[in-house]
There are 2 protein chains.
Amino acid sequence: MELDERKVKILKAIIQNYQETGEPVGSRTISKYTDLNLSSATIRNEMADLEEMGLIVQPHTSAGRIPTDQGYRLYVDQLMAEKDREVAQIKDFMVQRVNRLEQLLRQIARFLATNTNYATMISAPSVSNSKVKFLQLSRMGTDKLLVTVVVEGNIVKNTILDMDRTMSDEDILNLGFHLNNTLNGLTMAQINLGLITKLKEVAGSNADVVEKVLEAVADAISMEGEVPIYTSGATNIFKYPELTTDDTASQIIGTLEEKQQLAQLLTANLGDEDKQGIQIYIGNENSVQAMKDCSVVTATYELKDGLQGTIGIVGPKRMDYDKVVTILKNVMAQLDTMFDKK
Amino acid sequence: MELDERKVKILKAIIQNYQETGEPVGSRTISKYTDLNLSSATIRNEMADLEEMGLIVQPHTSAGRIPTDQGYRLYVDQLMAEKDREVAQIKDFMVQRVNRLEQLLRQIARFLATNTNYATMISAPSVSNSKVKFLQLSRMGTDKLLVTVVVEGNIVKNTILDMDRTMSDEDILNLGFHLNNTLNGLTMAQINLGLITKLKEVAGSNADVVEKVLEAVADAISMEGEVPIYTSGATNIFKYPELTTDDTASQIIGTLEEKQQLAQLLTANLGDEDKQGIQIYIGNENSVQAMKDCSVVTATYELKDGLQGTIGIVGPKRMDYDKVVTILKNVMAQLDTMFDKK
DNA sequence: ATTAGCACTCGATACAAATGAGTGCTAACA
DNA sequence: TGTTAGCACTCATTTGTATCGAGTGCTAAT
């Protein structure tokens, strides 16, 4: 069976109509909806073909057709002509200066949620491969040590250590100086056992403190895999009846709330060069079981210094891919200019 | 109309039965359910009285009775005999050492959500009246200054400042030393204009840096009113049919996700000595419009140094107040011992 | 004061009929 | 040969109707 241009047009019409109404779409609708000027009967024949090809299905006899995951995949891969709307309003948002990254991310999530009517999630930039930029030891009280680590991208992390015994101010100063010099510019991978042993030797009787400090540094760099994730518009899910049945809504919202599983989804492609930019997961293509009836569109953003994070949009399979992709691209562009300027 | 003991017993029975089943409860049920040995007819008479007093209502003719907000209020205020169950399992949770406050709070939220089957929220300790404990200035690169502020309760806050011009290391050291000595132990309220002017004078040409640093300190102390709030078990709401109607579920979950309004609810009583401990808001008694069909139980916890936060449990009006209060008290006790020991 | 009995109310449930959107197929047509 | 009108058929949904039963209020008897 060949997929000629007319079939493509009909498939496109079905997808677009279904995405607006959420109802299975019948041959008569297509006949009137499009500029093909074909009777419903002809459309029916074509539809039968499309169904045979696995691009659309009937939920039950005597119902219209809805696209299959495969149908959407075709649409997304081949047919998506990007619109250049939505640009204007994006330009305006965030006029107020945002100095905190966290707030910025929250704002973006909220913006996307209200403008797309889908649920939105965004992961904070991860510093997995980032370098130590600065390290500071300060004594607090008699037996506590404040370790401040700054990694590339100016992300600051603090840890307060209990020291087993008192160290002299001079020792602390020296140790700090030494550690700073040694670790500066290194990634986690580069802080190997040899280096650690050497540091401990130099520290002499303070080797135990060095160990604790290094732990803190490791913590700061790896973030213990706990990338903060912000979500918004989870309740948009309720706008799509096909997701409100049974407990699917409950599952989706639960997943969005707990964030645990989202990390997996959002950080999956971070290292992968090929998977940069925008990815679309339709139905079962995404790894989160609770979202098997959804589609997820993700986009990787990058601040300077290789700091990367991901934005994700969760909606029904009939989501307006076109619009979502456009709006995401624009937000990305916005982010780029924001961080280039700075 | 007088509220004699028998009426109270019947009211109690109605509330308890309704809280288990979620269905309006009829006279016959009560007649068998209780140890009063009264016929359903007698119960009916009493019920009519209770209804007249505004403590229970019929959702419609030919249905059983359900408690009104007033009825619950009476129950909560007078009748709640605290059970001492649930203690055992609480003791066990959190054996794994939790070093981060954030993680601890998340864990508590999750624990409460799974054990009560209601939605849970918890606000991080607020430092509104806390004192500066430690302050550290460090140069980063040529023109950046890292300000690290530790306030009571060991909450650390960092800010990276751009300096307009380069300061010598010695100047930075001196300034840091001086600021630390001056501000140590002060609350925000105590850092007044006189003090600021004096600090600036001493700093001489670096007065502008002092100003920026003080801003950062103020930021750290006040947290800009943005208390982090963690939620868990929002989807528990779906377990209660009476909250799943219309878009109430959507509203409640939306409120829980956005957190904005929760802050209001959770921080409202923080200063108030009288309102310490456990508070119960039934129906409209709480200030959040979206939760007018819910009850909210809040408890204020206190770490050392006057750091206070609030835990909140959100459920249907027929929630098991008794259980919730007991479990909350136990968690509080747990927290107390954790932070006293440390 | 309590209770048995009874008529009444009204939401819930079940079932049948009507509705109508949509299909597949066939025969006629350009 | 591709297109279309027409028609019989399917089946989820809607509508209407009868029944059921839990629960009430009232009255009269105990």
Side-chain angles (χ1 to χ4, degrees), chain A residues 1-11 13-15 17-18 20-68 241-242 244-246, chain B residues 1-11 13-15 17-18 20-68 241-242 244-246:
Chain A
M1 182 79 55
E2 205 195 349
L3 189 71
D4 57 12
E5 193 178 343
R6 198 171 70 177
K7 285 192 171 52
V8 169
K9 267 193 176 170
I10 291 174
L11 175 61
I14 292 174
I15 290 182
N17 191 286
Y18 179 61
E20 281 167 27
T21 63
E23 296 294 318
V25 15
S27 54
R28 188 134 185 288
T29 313
I30 298 298
S31 163
K32 289 190 295 186
Y33 206 81
T34 62
D35 51 356
L36 288 169
N37 281 330
L38 292 175
S39 78
S40 61
T42 313
I43 303 288
R44 275 200 290 284
N45 290 331
E46 295 287 42
M47 277 173 146
D49 292 350
L50 286 171
E51 179 153 17
E52 202 181 323
M53 286 188 263
L55 299 175
I56 54 178
V57 281
Q58 285 179 282
H60 57 85
T61 335
S62 91
R65 308 302 217 285
I66 61 175
T68 61
E242 67 267 46
T244 318
T245 52
D246 305 325
Chain B
M1 181 79 55
E2 204 194 348
L3 188 72
D4 59 12
E5 194 178 343
R6 199 170 71 176
K7 284 190 172 55
V8 168
K9 268 194 177 169
I10 292 174
L11 175 62
I14 291 174
I15 289 181
N17 192 287
Y18 179 62
E20 282 167 26
T21 64
E23 296 294 317
V25 14
S27 55
R28 187 132 188 285
T29 313
I30 298 299
S31 163
K32 289 191 294 185
Y33 205 82
T34 61
D35 50 356
L36 288 170
N37 281 330
L38 292 174
S39 78
S40 61
T42 313
I43 303 290
R44 276 202 290 285
N45 290 330
E46 295 287 40
M47 276 174 145
D49 292 350
L50 285 172
E51 179 153 16
E52 201 181 324
M53 285 187 263
L55 298 175
I56 54 179
V57 281
Q58 286 180 280
H60 58 84
T61 335
S62 90
R65 308 302 217 285
I66 62 176
T68 61
E242 68 266 46
T244 318
T245 53
D246 306 325

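Computed from a predicted model, the values in this text were never measured in an experiment. Just so it is clear: chains get the letters A, B, ... in the order the sequence lines come, proteins before strands, and each one is counted from 1.
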Problem set entry | Within-4.5 Å side-chain heavy-atom neighbours: B/Glu46 and B/Leu38 | no

Problem set entry | Listed nucleotide nearest any side-chain atom of A/Arg6, set D/dT3, C/dT23, C/dC10 | D/dT3

For this session: Take atom CD1 of B/Ile10 and atom C1' of D/dT24, then tell me their distance rounded to the nearest Å.
Result: 15 Å

Problem set entry | Rounded interatomic separation in angstrom, taking CG from B/Leu36 and P from C/dA1 | 17 Å

Problem set entry | Between P of D/dC26 and CG of B/Asp49, the distance in whole Å | 12 Å

Exercise. Within the structure, does a side-chain N or O atom of A/Ser62 lie under 4.0 Å from either OP1 or OP2 of D/dC9?
Worked result: no

For this session: Respond yes when some side-chain nitrogen or oxygen of A/Arg28 is under 4.0 Å from OP1 or OP2 of C/dG20, and no when none is.
Result: no

For this session: Mind calculating the distance between CG (A/Leu50) and P (C/dG24) to the nearest angstrom?
Result: 12 Å

Seminar exercise, completed: From CD1 of B/Ile43 across to P of C/dT2 the rounded distance in Å is 10 Å

For this session: Ignoring backbone atoms, test whether A/Arg65 places a side-chain nitrogen or oxygen under 4.0 Å from the OP1 or OP2 oxygen of C/dT23.
Result: yes

Exercise. Under the salt bridge (charged side-chain N to carboxylate O under 4.0 Å, His left out) rule, what pairs show up with a residue in residues 47-62 of chain A, not counting sequence neighbours?
Worked result: A/Lys7-A/Asp49, A/Glu51-A/Arg65

Exercise. Starting at the 5' end of DNA chain C and moving along, which residue's nearest nucleotide shows up first, B/Glu46 or B/Thr61?
Worked result: B/Glu46

Exercise. For D/dG6, does OP1 or OP2 lie under 4.0 Å from any side-chain N or O of A/Arg44?
Worked result: no

Problem set entry | Heavy-atom pair of closest approach, residues B/Leu11 and B/Leu50 | N-CD1, 4.1 Å

Exercise. Does A/Ser39 have a side-chain nitrogen or oxygen under 4.0 Å from the phosphate oxygens OP1 or OP2 of D/dT4?
Worked result: yes

For this session: Would you mind reading off the distance between B/Met47 atom CE and D/dA22 atom P, rounded to a whole angstrom?
Result: 15 Å

Exercise. Which of the following nucleotides, D/dG25, C/dG24, D/dA5, is nearest to the side chain of B/Gln58?
Worked result: D/dG25

Exercise. Atom CG of B/Asn45 to atom P of C/dT2: distance rounded to whole Å?
Worked result: 9 Å

For this session: Measure the distance from CG on A/Leu38 to P on D/dA5 and round it to the nearest whole Å.
Result: 11 Å

Problem set entry | A/Ser27 vs C/dT23: side-chain N/O to OP1/OP2 distance below 4.0 Å | yes

Exercise. Which residue, B/Ser40 or A/Val25, contacts DNA chain C at a nucleotide closer to its 5' end, judged by nearest heavy atom?
Worked result: B/Ser40

Exercise. What is the minimum heavy-atom distance between A/Ala13 and A/Thr34, and which atoms define it?
Worked result: CB-CG2, 3.5 Å

Exercise. Is a side-chain donor or acceptor of A/Ser31 paired with a backbone partner of A/Ser27 at a separation under 3.5 angstrom?
Worked result: no

Exercise. When all nucleic acid strands are considered with a 4.0 Å heavy-atom cut-off, which category describes A/Thr42: base, sugar-phosphate, or nothing?
Worked result: base

